[in-house]
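Letters A, B, ... mirror the listed sequences (proteins, then strands); counts begin at 1.
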2 protein chains.
Amino acid sequence: MAEHAPPASPEHEEKLERLLGIAAEIFAEKGYHAASIRDLSKRAGVSLSGLYYYFHSKQELLLMIQERSLRKVMDELSRKLEGVDRPEEKLRTLVHNHVGFFAENMAAMRVITHEYDALEGECRARMRQLRREYSNLCQEILREVRRFTSAGDVAPLNVATSALFGMMNWIYAWYTPGSNVPVERLAEHLYRLFTGGFIGHPSTSSAGRKAG
Amino acid sequence: MAEHAPPASPEHEEKLERLLGIAAEIFAEKGYHAASIRDLSKRAGVSLSGLYYYFHSKQELLLMIQERSLRKVMDELSRKLEGVDRPEEKLRTLVHNHVGFFAENMAAMRVITHEYDALEGECRARMRQLRREYSNLCQEILREVRRFTSAGDVAPLNVATSALFGMMNWIYAWYTPGSNVPVERLAEHLYRLFTGGFIGHPSTSSAGRKAG
DNA sequence: GTCTGGTTCGAACGCTCGATCGGTCAACCT
DNA sequence: AGGTTGACCGATCGAGCGTTCGAACCAGAC
């Protein structure tokens with residue numbers, strides 16, 4: 001192993017990022033197993049064997065796409081959470097960050113949610129760890145929200161967490177960015193649906209801004 | 001076409017159902033493209049070519065799994081909805097039916113939600129139609145709920161519908177039947193989360209049963 | 001016994017896939 | 001000028017894929 005160690009030169013990293021982006025698009029379109037390295041070769045304008053200079057295997061390519069993207073989501077969330085104290089506002093930040101990143105980076109996010117099972121062995125373990133971290137962070141925020149509001153035990157925390165991720169991740173199945181529902185509005189809708197529910201409760205809650 | 005028309009004899013149908021069940025399991029485990037007809041051949045104890053007596057192609061096999069399963073869900077829902085008048089109860093019935101069928105038929109439901117894009121051309125169109133019917137039914141129920149309750153315009157109906165399906169369909173990513181959360185309880189949790197939200201509203205709603 | 005038709009099978013075809021290997025070529029260092 | 005190295009490529013390998021085809025099996029009817 002370590003046959004061709006990543007030189008990490010800026011140009012190298014730049015081209016790698018470009019390849020990962022194109023690969024994410026292809027994986028998102030056709031699915032990991034149906035997509036071929038030859039597809040990537042054609043669309044990127046790089047020879048088949050030339051691609052293997054940037055990754056060891058198709059598996060590693062998939063892992064890099066997922067790991068880098070999810071890390072970006074988590075890093076940006078951490079940054080945005082600095083200075084935020086109110087639990088409900090933390091939750092709101094998480095939803096907006098997730099949905100926003102999702103809409104702006106549809107291909108990669110689709111690969112994360114849809115091709116997780118395509119990872120094998122060590123690769124799967126690495127992503128499982130990262131996903132768990134993210135999920136735990138979300139669950140802890142929910143715990144705070146519950147403690148600091150009148151939230152009863154409508155559902156166990158893990159069920160609520162999964163439900164929230166379900167709402168957010170299902171976006172890829174129906175939402176097309178640039179539709180009549182802008183991203184920020186969509187995020188706010190999902191946030192309110194989750195906290196207040198479809199029927200909603202009288203007043204409470206944060207932003208009074210509504211109007212359409 | 002119509003080379004070997006389905007004789008529809010009881011034994012034929014029975015064996016076909018068995019094959020579809022096993023195929024659903026394999027597709028659910030490895031994904032449509034990663035799974036091979038040879039896998040099905042081995043697990044079913046039928047020769048490779050013998051399988052093609054029951055379907056014309058891998059595509060048709062996938063279509064049959066999805067179409068039959070979703071139709072079952074919809075038929076059973078229609079049956080359960082007979083005699084139900086209150087909109088909220090209709091919604092509750094839909095959620096319980098969907099989640100219940102999901103948990104009891106995990107493989108097929110996973111194939112429906114996860115391998116829809118693996119369908120091509122005519123097959124995709126057929127399933128799109130069926131999915132649209134189901135989704136529309138759900139959306140109409142939500143419309144009724146909104147009209148007959150104090151439900152404000154927390155979110156557009158299509159967003160709410162998609163959010164609900166997201167919550168329900170995401171189950172396959174985390175829930176294992178027979179865990180510490182029984183299916184009926186899970187369904188009720190999701191129903192309440194969706195209608196009342198995570199923070200919830202004072203009283204309202206149906207079943208007063210809570211306790212843990 | 002033999003005919004018939006639904007059912008099953010072994011063997012093979014053509015194709016695409018992920019991955020490898022030896023080689024080329026410009027850029028840089030000494 | 002000679003040598004090293006990072007970046008890239010054409011050709012190819014072996015494996016597995018979906019699908020086909022003709023032959024065999026095996027009830028029950030005659």
Side-chain angles (χ1 to χ4, degrees), chain A residues 1-20 22-24 26-27 29-65 111 115 118-123, chain B residues 1-20 22-24 26-27 29-65 111 115 118-123:
Chain A
M1 40 185 95
E3 293 178 13
H4 44 90
S9 88
E11 306 114 21
H12 186 94
E13 185 67 19
E14 203 169 334
K15 177 154 186 183
L16 174 58
E17 280 289 345
R18 191 180 82 91
L19 290 177
L20 291 181
I22 299 175
I26 298 175
F27 286 165
E29 285 172 22
K30 319 177 62 167
Y32 173 74
H33 285 106
S36 73
I37 305 287
R38 283 167 173 84
D39 292 333
L40 176 57
S41 163
K42 284 165 200 154
R43 206 179 298 190
V46 177
S47 77
L48 177 60
S49 50
L51 288 173
Y52 280 85
Y53 185 74
Y54 290 90
F55 47 84
H56 299 86
S57 68
K58 198 185 177 188
Q59 262 294 291
E60 193 198 345
L61 174 60
L62 177 62
L63 175 62
M64 281 197 290
I65 293 173
V111 172
E115 304 294 347
L119 292 170
E120 302 163 7
E122 170 89 13
C123 298
Chain B
M1 40 186 93
E3 293 178 15
H4 44 91
S9 89
E11 306 112 21
H12 186 95
E13 185 66 19
E14 203 169 334
K15 177 154 185 182
L16 174 58
E17 281 289 346
R18 192 180 81 92
L19 290 178
L20 292 182
I22 299 176
I26 299 175
F27 286 164
E29 285 172 21
K30 318 178 62 168
Y32 173 74
H33 285 106
S36 73
I37 305 288
R38 282 168 174 84
D39 291 334
L40 176 57
S41 163
K42 283 165 201 155
R43 207 179 297 190
V46 177
S47 77
L48 178 58
S49 49
L51 289 173
Y52 280 85
Y53 184 73
Y54 291 89
F55 48 84
H56 300 85
S57 67
K58 196 185 178 189
Q59 261 298 287
E60 193 199 346
L61 174 60
L62 177 61
L63 175 63
M64 281 197 290
I65 293 173
V111 172
E115 303 295 346
L119 291 169
E120 301 162 8
E122 170 88 13
C123 298

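Every residue was checked against the salt bridge (charged side-chain N to carboxylate O under 4.0 Å, His left out) condition with A:E60, not counting sequence neighbours, and none meets it. Remark: B:R43 pairs with B:E25, B:E29 by the salt bridge (charged side-chain N to carboxylate O under 4.0 Å, His left out) rule, at least two apart or across chains. With sequence neighbours excluded, the residues satisfying side-chain contact (heavy atoms from CB on, under 4.5 Å) with B:S41 are B:L48, B:L51. The side-chain hydrogen bond (donor to acceptor under 3.5 Å, both in side chains) check on A:Q59 picks up A:Y32, with sequence neighbours excluded. Residues satisfying the salt bridge (charged side-chain N to carboxylate O under 4.0 Å, His left out) criterion with B:E13, sequence neighbours excluded, are B:R68. Partners of B:K30 by salt bridge (charged side-chain N to carboxylate O under 4.0 Å, His left out), not counting sequence neighbours, listed by chain and number: B:D39.
Comparing D:dA7, C:dT7, D:dG18 by their nearest atom to the side chain of B:S9 picks out C:dT7. Of the candidate nucleotides D:dC9, C:dG18, C:dT7, C:dT7 has the atom lying nearest to any side-chain atom of B:Y54. When distances are taken from the side chain of A:V46 to each of D:dC9, D:dT19, C:dG6, the shortest belongs to D:dC9.
Of the residues in residues 36-43 of chain A, A:S36, A:I37, A:R38 come within less than 4.0 Å of DNA chain C through at least one heavy atom, sorted by number.
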Seminar exercise, completed: Nucleotide by nucleotide, nucleotides 20-25 of chain C touches protein heavy atoms under 4.0 Å in the pattern (B base, S sugar-phosphate only, - none) BB----
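Using a 4.0 Å cut-off, no side-chain N or O of B:Y53 falls inside it from OP1 or OP2 of C:dT8. Phosphate proximity of C:dT8 to B:K15: present, with a side-chain N or O under 4.0 Å from OP1 or OP2. Contact annotation: B:H12 side-chain N/O to C:dT7 OP1/OP2 distance is under 4.0 Å.
The separation between B:H33 atom NE2 and C:dT16 atom P is 15 Å, rounded to whole Å. As rounded to whole Å, 16 Å separates atom C1' of C:dT7 from atom CD of B:E14. Counting to the nearest Å, the P atom of D:dC17 and the CG atom of B:L61 are 15 Å from each other. Nucleotide D:dC17 holds its C1' atom 17 Å from the CG atom of B:L62, rounded to whole Å. We find that NZ of B:K58 is positioned 15 Å from C1' of C:dC15, with the value rounded to whole Å. Between the C1' atom of C:dT7 and the CD atom of B:E13 lies a distance of 16 Å, rounded to the nearest Å. Going from atom CZ of A:F55 over to atom P of C:dG18 covers 10 Å, rounded to whole Å.
Close placement of the A:Y53 and A:H12 rings is indicated, their centers lying within 6.0 Å of each other.
Nearest heavy atoms, A:F55 versus A:I37: CE1-CD1, 4.2 Å. Summarising the geometry of B:Y54 relative to B:M64, their closest heavy-atom pair is O-CE, 3.9 Å, with the distance given to 0.1 Å.
Comparing A:G50 and B:A35 by the nucleotide of DNA chain D whose heavy atom lies nearest to each, the residue mapping closer to the 5' end is A:G50.
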